[in-house]
Amino acid sequence: MGDLGYTCLYIASASSQYASRITAVKSDLTDAQAIASLLSTKFTAVYLLHGLMSGAAEAQSELGWKVNWDSYRAILDHLKKHTPGVVTIFTSSLAVYGPASPTEVITEMTGPIPLSNYGSQKLRVETYLNNLSWKRLLDGRIVRLPTVIVRPGAPSAAASSFASGIIREPLKGERSVLPVLRDLEMWVCSPRTVVKNLVLVKDVKDDAFYLACNTVTNHGISYHPKYKCLPTNEDF
């Protein structure tokens, strides 16, 4: 695979088994009427996955705050009023932690100090959802995701998009730029692991969370771009 020397990888194949059960709707999630229409059905669980990715949230600051905070505040306010107590899963990010020392072990109890717009926006939603959960207005579950690789499709606006690109593009015969040092340590997991854990967290009992913090860190592995391959199973 070119100069990077990759020799193998595992990419979970997409499944269309449940495609007929999915309805795609184009909607402005910063518009109250659009939110009301979208959430007119009384769901037993709501997954909040949308967002302006990290790199774009820095380049377009105002849009980032509108998408990554204002829309979430509007959705959560609608849910607490019209579907109180509904299970609400929010995908947060390792970006909330900010800088860390090389020897520091990060857990859910590590104090988040985000320096980026993206991390700050994610942490604000976390704080608000935890507050609503503490007051029993919603049943929130927050999952802090690692860098997910290998993502299919075109490169995204995420600052970590290169982590997928350095594997995905060479497989297509295209060149890819590695913008970081080869020994940069990254916390990563596969798309399959993310989906598996997002399904599992829906059914975790409320009293299983630590104190009043309904936040968990998603399973992942330590990875360096200099590694020659990724695990060939679904457990990373």
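Only this structure's heavy atoms are used, side chains among them; waters, hydrogens and symmetry mates stay out.
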Surrounding CD1 of Ile113 (heavy atoms of other residues, nucleotides or ligands, distance under 6.0 Å), is the total greater than 12?
no

Are more than 12 heavy atoms from other residues, nucleotides or ligands located less than 6.0 Å from atom NZ of Lys42?
yes

Please say yes or no: joined through hydrophobic side-chain contacts below 4.5 Å, possibly via intermediate residues, are Leu94 and Leu123 part of one cluster?
yes

Closest approach of Ile35 and Ala74, non-hydrogen atoms and distance?
CD1-CB, 3.5 Å

To the closest 0.5 Å, what do you measure between CG (Leu129) and CG (Leu137)?
10.5 Å

Side-chain heavy atoms nearer than 4.5 Å, only ILVMFWY residues, links allowed to pass through others: does that put Ile89 and Val199 together?
no

Distance (rounded to the nearest 0.5 Å) between Asn117 CG and Gln60 CD:
11.5 Å

Judged by atom type as modelled, is there a donor-acceptor pair below 3.5 Å linking the side chain of Arg141 to the main-chain atoms of Val201?
yes

Supply the atom-to-atom distance Asn218 CG to Ile142 CD1, rounded to the nearest 0.5 angstrom.
14.0 Å

Using a 3.5 Å distance criterion without hydrogens, assess whether the side chain of Asn197 forms a donor-acceptor pair with backbone atoms of Thr193.
yes

So, taking the atom named CG in Asp139 and the one named OG1 in Thr88, what distance separates them when rounded to the nearest 0.5 Å?
7.5 Å

N/O donor-acceptor pair under 3.5 Å between Ser93 side chain and Ala95 backbone
yes

Scanning both residues in full, the closest heavy-atom pair of Lys80 with Leu132 reads CD-CD2, 3.8 Å

Can you confirm whether the side chains of Tyr72 and Arg124 place a donor and an acceptor under 3.5 Å from each other?
no

Examine Val143 and Val46 and state if one hydrophobic cluster contains both, with Ile, Leu, Val, Met, Phe, Trp and Tyr joined whenever side-chain heavy atoms are less than 4.5 Å apart.
no

For side chain to side chain contact (heavy atoms under 4.5 Å, CB included), just list the numbers for Val216 and Arg144, CA-CA rounded to whole Å, side-chain angles, deciding distance to a tenth of an Å, and then say yes or no.
CA-CA 6 Å; Val216 295; Arg144 290 174 176 167; over 6 Å; no

Quick check on the hydrophobic clustering: are Leu48 and Phe43 connected, directly or via other members, by side-chain heavy-atom contacts under 4.5 Å?
yes

Single-linkage hydrophobic cluster, 4.5 Å side-chain cutoff, Met53 and Leu63 together:
no

Gap separating the CH2 atom of Trp65 from the OG atom of Ser120, nearest 0.5 angstrom
5.0 Å

Between Asn68 and Ala57, which heavy-atom pair has the shortest distance, and what is it?
ND2-CB, 3.9 Å

Looking only at side-chain N and O atoms, does Tyr128 offer a donor or acceptor that is under 3.5 Å from a partner on Asp77?
yes

Validation row: Leu76, Leu138 side chains within 4.5 angstrom (heavy atoms)
yes

Is it true that, when you exclude Lys66 itself, more than 12 heavy atoms of the residues, nucleotides or ligands shown sit nearer than 6.0 Å to its NZ?
no

Working for side chain to side chain contact (heavy atoms under 4.5 Å, CB included), residues Leu39 and Leu79:
CA-CA 8 Å; Leu39 298 176; Leu79 289 173; 3.8 Å; yes

Quick one: pull up CG in Leu49 and CG in Leu145 and give me the separation to the nearest 0.5 Å.
9.0 Å

Under 4.5 Å between any side-chain heavy atoms of Thr217 and Tyr97, yes or no?
yes

Do you know the tightest heavy-atom contact between Ala34 and Ser27?
CB-OG, 3.5 Å

For Ser92, which of Gln121, Glu126, Lys122 qualifies under side-chain hydrogen bond (donor to acceptor under 3.5 Å, both in side chains)?
Glu126

Taking Tyr47 for the side chain and Leu198 for the main chain, is one N or O donor matched with an acceptor at less than 3.5 Å?
yes

Nearest heavy atoms of Ala45 and Lys202, plus distance in Å:
CB-CD, 3.7 Å

When you measure from the side chain of Ser116 to the backbone N and O of Gly119, does any donor-acceptor pair fall under 3.5 Å?
yes

For Gly140 against Ser133, the heavy-atom pair lying closest together
N-OG, 2.8 Å

